[in-house]
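Numbers here simply count residues along the sequence, with the first being 1. If you're wondering where the values come from, they're calculated on a predicted model, not measured in any experiment.
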Amino acid sequence: MFDSALNEIQDINLSYLLLAQRLLKDDYATALFRLKLDDSMASVLASLTAKQLTKLARSNQLLFRLNIEDANQLEQVTANKRAEGLEHIHAALLMSSASPCVN
């Protein structure tokens with residue numbers, strides 16, 4: 001069970017890192033906003049080689065963070081029947097107002 005969960009975490013990490021790198025290469029400014037990264041972190045992430053990405057992905061911790069900050073916000077996005085069909089817009093607004101990660 002633990003090995004399976006660890007493998008899934010590592011797969012998610014690699015998928016996230018590859019997606020983040022692709023977003024940064026396609027549209028750097030939009031990727032900074034969507035990924036909640038500062039310029040120096042984004043620059044390093046964009047420059048990593050496939051070997052470095054794989055090594056980083058092998059962590060036993062998830063490398064990304066959910067941008068919805070509390071359970072109330074999550075409930076608002078998922079349970080609001082009045083906004084059916086607009087969930088993605090509501091989620092984007094909530095996440096854009098979230099505090100960026102500060103290391």
(message) Rounded to the nearest 0.5 Å, what separates atom CG in Asp27 from atom CZ in Arg34?
(response) 7.5 Å

(request) Please list all pairs passing the side chain to side chain donor-acceptor pair (under 3.5 Å) test where one or both residues lie in residues 51-61, with sequence neighbours left out. (result) Thr49-Gln52

(request) I would like to know whether Ile12 and Phe64 meet side-chain contact (heavy atoms from CB on, under 4.5 Å); could you show each step before the answer? (result) CA-CA 9 Å; Ile12 290 168; Phe64 71 94; 3.4 Å; yes

(message) Nearest 0.5 Å, please: how far is OG in Ser15 from CD in Gln10?
(response) 12.0 Å

(message) Looking at every non-hydrogen atom in both residues, tell me the closest pair between Ala57 and Asn13 and how far apart they are.
(response) O-ND2, 3.3 Å

(request) Using the test side chain to side chain donor-acceptor pair (under 3.5 Å), find all partners of Tyr28 that sit at least two apart in sequence or belong to another chain. (result) Asp39

(request) Walk me through it: do Tyr16 and Leu53 pass the test side-chain contact (heavy atoms from CB on, under 4.5 Å)? (result) CA-CA 10 Å; Tyr16 172 76; Leu53 288 174; over 6 Å; no

(request) Any chance you could lay out the side-chain contact (heavy atoms from CB on, under 4.5 Å) test for Gln21 and Leu24, step after step, and finish with the verdict? (result) CA-CA 5 Å; Gln21 197 172 59; Leu24 288 164; 5.5 Å; no

(message) Do Leu17 and Leu56 make a side-chain contact, defined as non-hydrogen atoms from C-beta onward lying under 4.5 Å apart?
(response) yes

(request) With rounding to the nearest 0.5 Å, note down the distance linking CG in Asp11 to CG in Leu6. (result) 9.5 Å

